[in-house]
Asks: 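Dropping a structure here in structure tokens format, bear with me for questions.
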Amino acid sequence: MIGLRLAGLVAMGAGLAGCDSKPNNDAASVMQTVPVVVNSAPPENVAAPVSPPKNLKNNRFPVSRETLAPPKAPPVKAQPQPDYRAIGTEPFWAVTVRGTVATLERPDQGAVQFAVARAREKRTIRYVGDGFAMTISQGPCSDGMSDALWSDRVAVAFADGVLKGCGGERDTGDSPPG
């Protein structure tokens, strides 16, 4: 084996010995062949071929219903229903109460959250917190923009003033006569 490698190196050296700085492109020198020795030993750093798994049937991997089924999407957490929602127009605003947090939203301002406590009086419900008070009175209310009627009249007092609007259940008038 070593002899073949050595013979290849000698042959290459002999072929290069005739080289000079001027190229020789005549037909005889171009057609001249140089013997090449191919190493028949496998390379040392190549992994051996991997045999297929023994449990394949008809050269196919085993398939189960779980493998074929599309991946299940994580369950979507439904946003909890607010405890109370009120809206107003001119200017537009909305207040959403969830638990002990009231969130005031206005298009021209960022949302502002207030910690609130709920207090029930004879005919009203109040959500009161530091710098925030929302009073809800039972009775029909029109939002002034649609034909819908709301179950409650709402007044929201906070640092920028008082906003008036509607809240509670919305009746769009689509229900059949009872």
Side-chain angles (χ1 to χ4, degrees), residues 38-39 41-178:
V38 177
N39 187 358
E44 295 175 13
N45 60 353
V46 175
V50 177
S51 61
K54 304 272 189 224
N55 61 351
L56 294 181
K57 183 176 183 180
N58 299 330
N59 290 329
R60 292 185 174 187
F61 288 99
V63 178
S64 68
R65 291 179 191 258
E66 290 80 22
T67 305
L68 294 176
K72 293 181 181 177
V76 177
K77 292 184 179 179
Q79 187 74 303
Q81 290 293 322
D83 296 339
Y84 195 84
R85 176 114 171 121
I87 62 159
T89 59
E90 298 180 27
F92 289 103
W93 60 271
V95 172
T96 304
V97 178
R98 284 192 174 91
T100 59
V101 177
T103 304
L104 172 63
E105 298 172 282
R106 298 181 289 168
D108 57 336
Q109 307 285 325
V112 181
Q113 293 186 330
F114 301 92
V116 293
R118 185 176 190 263
R120 183 163 180 86
E121 298 172 10
K122 286 185 181 184
R123 301 187 79 195
T124 61
I125 297 173
R126 293 177 46 91
Y127 288 96
V128 181
D130 190 23
F132 178 88
M134 181 168 70
T135 305
I136 303 165
S137 303
Q138 188 177 9
C141 179
S142 171
D143 61 18
M145 299 273 303
S146 68
D147 292 331
L149 288 177
W150 298 80
S151 61
D152 303 324
R153 294 182 302 271
V154 178
V156 177
F158 64 110
D160 290 350
V162 176
L163 301 170
K164 293 187 178 185
C166 303
E169 298 294 320
R170 181 178 180 198
D171 180 12
T172 59
D174 294 339
S175 58

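Starting from 1, each residue takes its place in the sequence as its number. All values below were derived from every heavy atom in this structure, side-chain atoms included, with hydrogens, water molecules and symmetry-related copies excluded.
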Asks: Enumerate the residue pairs fulfilling ring-ring contact (aromatic ring centres under 6.0 Å, His included) with a member in residues 125-152, sequence neighbours excluded, ordered by first and then second residue.
Replies: F114-F132
Asks: Show the numbers, then the answer: is there a side-chain contact (heavy atoms from CB on, under 4.5 Å) between R118 and D83?
Replies: CA-CA 11 Å; R118 185 176 190 263; D83 296 339; over 6 Å; no
Asks: State, to 0.1 Å, how close G129 and V116 come at their nearest heavy-atom pair, and which atoms those are.
Replies: N-CG1, 4.1 Å
Asks: Who are the salt bridge (Lys or Arg N to Asp or Glu O under 4.0 Å) partners of R106, not counting sequence neighbours?
Replies: D160
Asks: When rounded to the nearest 0.5 angstrom, what is the spacing between OG1 in T100 and CD in Q113?
Replies: 10.0 Å
Asks: Please list, chain by chain and in numerical order, all residues satisfying side-chain contact (heavy atoms from CB on, under 4.5 Å) with T89, sequence neighbours excluded.
Replies: F92, M145
Asks: With sequence neighbours excluded, give me every disulfide bond (SG atoms under 2.5 Å apart) pair touching residues 121-151.
Replies: C141-C166
Asks: Return the CD to CZ distance between E169 and R85, rounded to the nearest 0.5 Å.
Replies: 13.5 Å
Asks: Is there side-chain contact between D171 and S151, with at least one heavy-atom pair below 4.5 Å?
Replies: no
Asks: Test of understanding: with salt bridge (Lys or Arg N to Asp or Glu O under 4.0 Å), list the residues that count as partners of R126, not counting sequence neighbours.
Replies: E121
Asks: For residues G167 and V154, report the shortest heavy-atom separation together with the two atoms involved.
Replies: N-CG2, 3.7 Å
Asks: Which pair of non-hydrogen atoms, one from A148 and one from R170, has the smallest distance, and what is that distance?
Replies: CB-NE, 3.3 Å
Asks: Let me confirm one number: the OG1-CD distance from T124 to Q138, rounded to the nearest 0.5 Å.
Replies: 10.5 Å
Asks: Could you go through the side-chain contact (heavy atoms from CB on, under 4.5 Å) check for D152 and Y84 one step at a time?
Replies: CA-CA 11 Å; D152 303 324; Y84 195 84; 2.8 Å; yes
Asks: What salt bridge (Lys or Arg N to Asp or Glu O under 4.0 Å) pairs are there with at least one residue in residues 129-143, not counting sequence neighbours?
Replies: none
